[in-house]
Amino acid sequence: MTQSDTNFADVFPATDESTWRKSVDAVLKGKPFQTLISSTADDIAIQPLYAAGSGPRPLRAQSGDWAVVSRVDHPDHDAANAQMLEDLQGGAAGIHLVFEGSVSAHHLGISWRTSAKMRPLLANVQFQTGVRLALDLGLQSRGAAIAIAQRIVEEGVAPNLVHVDFGLDPLGLIAQRGGGEDWNATASDFAALATQLVEYGFGGSAVSCDGGVIGAAGGSEAQELAFVLACGVAYLRALNAGGLSLMQA
């Protein structure tokens with residue numbers, strides 16, 4: 001019997017939840033099933049077993065809401081590019097570029113230099129094949145968003161054919177540094193940069209609302225979600241005040 005002629009699922013007999021429950025009851029030996037149910041910090045129940053569902057499929061040739069992207073965070077541009085090309089060749093649908101100082105950099109991150117020195121980072125990436133990009137920017141690396149947009153345009157690839165999530169998330173960066181900054185003083189700069197990126201016409205989004213900084217600080221799921229929603233409202237207001245229509249924002 002070889003791998004080519006065997007379906008792994010066929011090796012095991014089909015079963016259902018009721019059969020599984022009988023086996024569980026035998027192991028529990030009279031203890032209530034509820035002892036297997038845990039909860040989050042917000043008292044949301046976590047069941048010990050969930051029914052199977054259809055998940056995302058990393059098929060680059062097919063568009064959809066989901067994509068499997070590979071994290072690249074090496075400080076050196078040449079090394080980051082080599083990792084990027086290897087992962088794309090291995091089947092990744094896109095790349096998550098994590099820059100130094102970003103919320104999820106964790107003391108690593110791609111070094112931001114100047115636009116001219118960004119060229120090695122994206123060398124030989126074939127954006128016309130449907131490669132996706134997601135950016136995780138730090139306070140000092142916001143210029144990378146424009147540099148990458150310009151780099152793709154220079155390659156002669158139509159922006160509307162390329163999906164880029166530029167990841168502008170200034171409130172996440174403020175929270176990462178412990179707050180204390182005046183959002184109203186920076187909201188207009190944020191809106192101007194986001195509008196500039198929107199005008200390129202790329203697929204994807206210019207703005208990101210990432211609650212990871214709250215979770216990393218010990219916040220609960222509900223607090224993380226509340227932060228994301230609050231950021232979304234603040235960004236929507238700033239973009240609208242900066243000249244974008246509500247529908248564009």
Side-chain angles (χ1 to χ4, degrees), residues 56 60-69 93-99 101-104 110 112 115 118 121-122 125 127-176 179 181-214 224-249:
R60 191 182 306 158
Q62 297 183 10
S63 61
D65 294 332
W66 291 88
V68 175
V69 297
I95 300 296
H96 178 199
L97 296 175
V98 180
F99 286 85
S102 65
V103 170
S104 64
I110 299 169
W112 162 242
S115 297
M118 286 289 291
L121 179 64
L122 301 179
V125 177
F127 290 101
Q128 67 271 20
T129 64
V131 173
R132 292 187 174 207
L133 280 185
L135 310 185
D136 203 340
L137 303 170
L139 182 65
Q140 304 303 324
S141 58
R142 291 182 299 175
I146 295 295
I148 288 174
Q150 293 174 340
R151 180 75 176 86
I152 296 173
V153 172
E154 289 173 359
E155 290 292 317
V157 181
N160 65 309
L161 301 179
V162 183
H163 186 109
V164 185
D165 292 318
F166 287 100
L168 300 183
D169 187 17
L171 287 173
L173 293 174
I174 290 174
Q176 180 191 38
E181 300 177 39
D182 185 2
W183 162 242
N184 293 324
T186 58
S188 59
D189 290 338
F190 153 76
L193 178 56
T195 300
Q196 186 177 357
L197 292 170
V198 168
E199 289 174 348
Y200 276 100
F202 288 97
S205 62
V207 178
S208 172
C209 300
D210 187 351
V213 63
I214 302 301
E224 192 170 339
L225 179 58
F227 178 78
V228 168
L229 294 174
C231 287
V233 172
Y235 294 159
L236 179 64
R237 290 172 175 167
L239 292 171
N240 186 226
L244 291 180
S245 69
L246 285 176
M247 288 302 296
Q248 286 176 308

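Values in this document were obtained by computation on a predicted structure and should not be read as measured data.
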Query - Test item: Q150 and Y200 side chains (from C-beta on) under 4.5 Å apart, heavy atoms - result: yes
Requested in this report: Please tell me if the side chains of V207 and L197 come closer than 4.5 Å, counting only heavy atoms from C-beta onward.
Outcome: no
Report summary line: Between S102 and L173, the two heavy atoms sitting closest are CA-CD2, 4.2 Å
Which donor-acceptor pairs under 3.5 Å do the side chains of residues 227-249 make with protein atoms, sequence neighbours left out?
| residue | atom | partner | partner atom | Å |
| --- | --- | --- | --- | --- |
| Y235 | OH | D169 | OD1 | 2.6 |
| Y235 | OH | L171 | N | 2.9 |
| N240 | ND2 | L244 | O | 2.9 |
| S245 | OG | Q248 | N | 3.1 |
| S245 | OG | Q248 | OE1 | 3.4 |
| Q248 | OE1 | S245 | N | 3.0 |

Requested in this report: Taking all non-hydrogen atoms of both residues into account, name the closest pair between L97 and L133 and its distance.
Outcome: CD1-CD2, 4.1 Å
Query raised in the report: Got a sec, which residues hit side chain to side chain donor-acceptor pair (under 3.5 Å) with D165, two or more places apart in sequence or on another chain?
Result: H163, S205
Report summary line: Given the options L121, L137, V98, I110 meets side chain to side chain contact (heavy atoms under 4.5 Å, CB included) only with L121
Requested in this report: Carefully, step by step, assess Q140 and F99 under the rule side chain to side chain contact (heavy atoms under 4.5 Å, CB included).
Outcome: CA-CA 9 Å; Q140 304 303 324; F99 286 85; over 6 Å; no
Requested in this report: Please lay out, stage by stage, how V125 and I95 fare under the test side chain to side chain contact (heavy atoms under 4.5 Å, CB included).
Outcome: CA-CA 10 Å; V125 177; I95 300 296; over 6 Å; no
Requested in this report: Check whether any side-chain heavy atom of F202 sits under 4.5 Å from a side-chain heavy atom of I152, and report yes or no.
Outcome: yes
**Report entry** With sequence neighbours excluded, residues passing side chain to side chain donor-acceptor pair (under 3.5 Å) with R151
**Finding:** E155
Query raised in the report: Residues two or more places apart in sequence or in another chain: which of them pass side chain to side chain donor-acceptor pair (under 3.5 Å) with S104?
Result: D136
Query raised in the report: Mind checking what makes ring pair (Phe, Tyr, Trp, His ring centres under 6.0 Å) contact with F127, not counting sequence neighbours?
Result: none
Query raised in the report: side chain to side chain donor-acceptor pair (under 3.5 Å) with E181: which residues, sequence neighbours excluded?
Result: R177
Query - Smallest separation among heavy atoms of G212 and D210, with atom names - result: N-OD1, 2.8 Å
Query raised in the report: Is the closest side-chain heavy-atom distance between V153 and P159 below 4.5 Å?
Result: yes
Query raised in the report: Shortest non-hydrogen contact from A206 to V198?
Result: CB-CG2, 4.2 Å
